[in-house]
2 protein chains.
Amino acid sequence: MYKSIMHSPELLKGTLQTILLKVLKDHGKMYGYEIAQRVKELSDERLLLTEGALYPALHKLEAEGLLKTETVMMGKRVRKYYSLTSEGRSLAKERVSEFLDFIKTIGNVLQVELSG
Amino acid sequence: MYKSIMHSPELLKGTLQTILLKVLKDHGKMYGYEIAQRVKELSDERLLLTEGALYPALHKLEAEGLLKTETVMMGKRVRKYYSLTSEGRSLAKERVSEFLDFIKTIGNVLQVELSG
DNA sequence: ATTTATACATAAGTGAATTATGTATAAGAC
DNA sequence: GTCTTATACATAATTCACTTATGTATAAAT
């Protein structure tokens, strides 16, 4: 994935950036693989980020100045830690509130109750 | 659109089918333009379905046997009414529950409250 | 010794939607 | 009476996020 177990992978489109930003906001400095694990855990195995989605998305956010990186050698293995820049932090906030607007709007159209 | 005013049009991807099925389930036999108007109204102007998204989506659902059609001449103008088949009805139900699962899962990952 | 987990990366392909066009009738503005 | 807007359908070209597939390499587990 960013796929799977969720029956409608299409629904997930557009949420990846929001998830990356918010998870980094909540958990601080993290490396790619760690983010994937955290998301898997938080989603109760429902959201499995694949490398093909994850890494390009992180690179893009970095290129846009929303994330900053720090590469660390763990023994002989490379780890690239990502954290939010100040712009990243404010975008995280914005994206989450957009997501809440989005589900409220769709909820109205679908006429469903959105209670936790 | 299926776009616009909503700041993150990306989020909308994958919800169009669900919306079409559920709106048809709730409002019965409708034609394309009418569906677009209804969605606009239900979303308080936030979801504006464009023809380029709407008609191909309806055609696809029809081709898959989820919708049936009835073409009517209104004076000299054509109107194509769509309604759910029984498979369409059951898919509508499934899609809505998938959507609820989806927002619950994403809500957990984003650690947000989803109260109506 | 072999499989699985950790850890990164990128290229080719898909498919839903966007953007752009096209056709045509009816109503409303002025 | 003409011009604009609304009604009502349709489809082709393009975009771009994500999927699928592949590649490299170390470390742990069985």
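Scope of the values below: all heavy atoms of this structure, side chains included, with no hydrogens, waters or symmetry mates. Every chain is numbered from 1, with letters handed out A, B, ... down the list of sequences.
- Listed nucleotides: C:dA5, D:dT11, D:dA8. Nearest to the side chain of B:His59: D:dT11.
- One atom, CG of B:Leu49, and another, C1' of D:dC9, lie 15 Å apart when rounded to the nearest Å.
- For the atom pair CD of B:Gln111 and NE2 of A:His27, the computed distance is 5.5 Å after rounding to the nearest 0.5 Å.
- Among D:dC9, C:dC8, D:dT7, the nucleotide with an atom closest to any side-chain atom of B:Glu51 is D:dC9.
- Distance A:Met73 CE to C:dC8 P: 12 Å, rounded to the nearest Å.
- Going from atom CD1 of A:Ile35 over to atom C1' of C:dA7 covers 13 Å, rounded to whole Å.
- Closest contact between the side chain of B:Lys76 and the listed nucleotides C:dA26, C:dC8, D:dA10 involves C:dA26.
- B:Glu70 has a carboxylate O that lies under 4.0 Å from a charged side-chain N of B:Lys29, or vice versa, which qualifies the two as a salt bridge.
- Of the candidate nucleotides C:dA5, D:dT11, C:dT10, D:dT11 has the atom nearest to the side chain of B:Tyr55.
- In this structure, the nucleotide among D:dC9, C:dA17, C:dC8 sitting nearest to the side chain of B:Leu16 is C:dA17.
- In this structure, the OH atom of B:Tyr33 is 7 Å from the P atom of D:dA6, given to the nearest Å.
- Nearest to the side chain of A:Lys60, among D:dC9, D:dA17, C:dA9, sits D:dA17.
- Rounded to an integer number of Å, the gap from A:Leu58 CG to C:dA9 P is 8 Å.
- We find that NZ of B:Lys80 is positioned 17 Å from C1' of D:dT7, with the value rounded to whole Å.
- When each of B:Val78 and A:Ala57 is assigned the nucleotide of DNA chain D bearing its nearest heavy atom, the one mapping closer to the 5' terminus is B:Val78.
- Between A:Arg38 atom CZ and C:dA7 atom P there is a gap of 13 Å when expressed in whole angstrom units.
- Rounded to an integer number of Å, the gap from CD of B:Glu41 to P of D:dA6 is 16 Å.
- Distances were taken from every side-chain heavy atom of A:Arg77 (C-beta onward) to each of D:dT7, C:dT6, C:dC8; the shortest belongs to C:dT6.
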Legend entry - Pair B:Glu98-B:Val96, side-chain contact (heavy atoms from CB on, under 4.5 Å): steps then yes or no: CA-CA 5 Å; B:Glu98 278 170 9; B:Val96 170; over 6 Å; no

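- Picking from C:dA7, D:dA8, C:dA9 the nucleotide with the shortest atom distance to the side chain of A:Tyr31 gives C:dA7.
- Taking CG of B:Leu67 as the reference point, atom CD of B:Glu87 lies at 10.5 Å (rounded to 0.5 Å).
- Under a 3.5 Å cut-off, the side chain of B:Lys40 and the backbone N or O of B:Leu49 do not form any donor-acceptor pair.
- Between A:Gly75 and B:Glu34, the residue anchored nearer the 5' end of DNA chain D, judged by the nucleotide with its closest heavy atom, is B:Glu34.
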